Colleague: 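First the structure, which I've put down as structure tokens, then a few questions once you've had a look.
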Amino acid sequence: MWLLPETKEKTQAYSEECEMKQVAGSYAEFGMLTADASTAMSSMSETEIEREAWKESGQPESAVSPEASDMAGVPDQRSKVFMVVGINTAFSSRKRRDSVRRTWMPKGEKLKKLEEEKKIIIRFVIGHGATPGGILDRAIQAEDSQYHDFMRLAHVEGYHELSAKTKMYFTTAVSMWDAEYYIKVDDDVHVNLGALSTTLARHRAKQRVYIGCMKSGPVLAQKGVRYHEPEYWKFGEHGNQYFRHATGQLYALSKELAVYISKNNDILHKYANEDVSLGAWFIGLDVDHIDDRRMCCGTPPDCEWKLNAGNACVASYDWSCSGICNSVQRLWHIHKKCGEGEKALWKAEL
């Protein structure tokens, strides 16, 4: 049945209202919201619903209100730091996190010293389970009480939600620290923090910097393949390639770009792949794309040769696995072969 334009708009608005009520109801069904909160949230956006669920779960308020520091008349109480390194992780990745702590990431007093003396923040980044306060969340809380190295997000974890998680990571990090750079890295990548620090320090005089290993892969329209792009038609004819963007294993943004994501969180479009989404957010902006191949070295012998030549890699991983293959078993070996040494970080001139 053909509808007049104004009737169609009203129908669409009614449909969207019903959908939001269903989303709010599903949160209530799983115990994430009280009945009153569920009713009140029928008119909220999905982001607002997720944050309200986070508050109901008893998590820290700082993770729910990332825009608080931008409120007019409220003093900025964030700590000024050089860089924030967010290590993307999942509930099932406890062994990966332990392997990172044993190798390139300082822990305990050394982590505190790094924050105080070098102004470098490192945190594992994770959201919460479908039921906040459930067994998955409790496991992370117990691990965090031991190591104090987590950043919790107002985000429901899921592999197909990496783009949303990336937005929430930058939004949360910006709300907590006033950093010159914000870095995202996966938990199956080896990082030399000294090389990363000195690399970023060289670009301090530039504005709106987007640093990483820039690539342009094919847009995969075929369903069922890895990295399938459901919105392939937006990129032109079949066989076209994506615009230039940094690989998702590790990339760095200067403050201006991280703040841009934070302020526009609710309207930035999410594509199927996180690294593509990030690159898309900067299309049309005056952004300085810096292609640094030291951020995507291979595992030994590649990174070992470069270290011996005096050019330590920032990050090392296996392209075939989009990270280090069998990282839990191999990360220590790679660290011994390609690690710059602990002194390199403390001697780095920032």
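All of these numbers come straight from a predicted model, not from anything done at the bench.
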Colleague: Could you check whether any side-chain N or O of Trp104 sits under 3.5 Å from a backbone N or O of Val189, counting only pairs where one atom can act as donor and the other as acceptor?
Modeller: yes
Colleague: Within a 6.0 Å radius of atom NZ on Lys118, are there more than 12 heavy atoms belonging to other residues, nucleotides or ligands?
Modeller: yes
Colleague: What residues form a salt bridge (charged side-chain N to carboxylate O under 4.0 Å, His left out) with Lys80, not counting sequence neighbours?
Modeller: Asp178
Colleague: Write out all pairs satisfying side-chain hydrogen bond (donor to acceptor under 3.5 Å, both in side chains) with one or both partners inside residues 285-298, taking only residues at least two apart or from two chains.
Modeller: Thr199-Arg294, Arg208-Asp286, Asp291-Arg293
Colleague: What is the ring orientation for Tyr271 with His269, classed by angle as parallel under 30°, tilted 30 to 60°, or perpendicular over 60°?
Modeller: perpendicular
Colleague: Is Glu109 close to Lys112 at the side-chain level, that is, under 4.5 Å between some pair of heavy atoms?
Modeller: yes
Colleague: Glu143 and salt bridge (charged side-chain N to carboxylate O under 4.0 Å, His left out): which partner among Arg152, Arg101, Lys107, Lys95?
Modeller: Arg101
Colleague: So among Asp144, Leu111, Ile87, which one has a side chain to side chain contact (heavy atoms under 4.5 Å, CB included) with Arg123?
Modeller: Leu111
Colleague: Give a yes or no on whether the backbone of Asp188 and the side-chain of Ser327 come within a donor-acceptor separation of less than 3.5 Å.
Modeller: no
Colleague: Main chain of Ala258, side chain of Ser262: is a donor-acceptor contact present, judged purely on distance under 3.5 Å?
Modeller: no
Colleague: Can you check side-chain hydrogen bond (donor to acceptor under 3.5 Å, both in side chains) on Thr89 and Asp187, steps first, answer last?
Modeller: CA-CA 6 Å; Thr89 192; Asp187 62 5; 2.9 Å; yes
Colleague: Are the sulfur (SG) atoms of Cys303 and Cys297 separated by under 2.5 Å?
Modeller: no
Colleague: Indicate the ring-plane relationship of Tyr210 and Phe282, choosing parallel, tilted or perpendicular according to the 30° and 60° boundaries.
Modeller: perpendicular
Colleague: Distance to the ring centre below 6.0 angstrom and angle to the axis at most 45 degrees; does that hold for Lys119 and Trp177?
Modeller: no
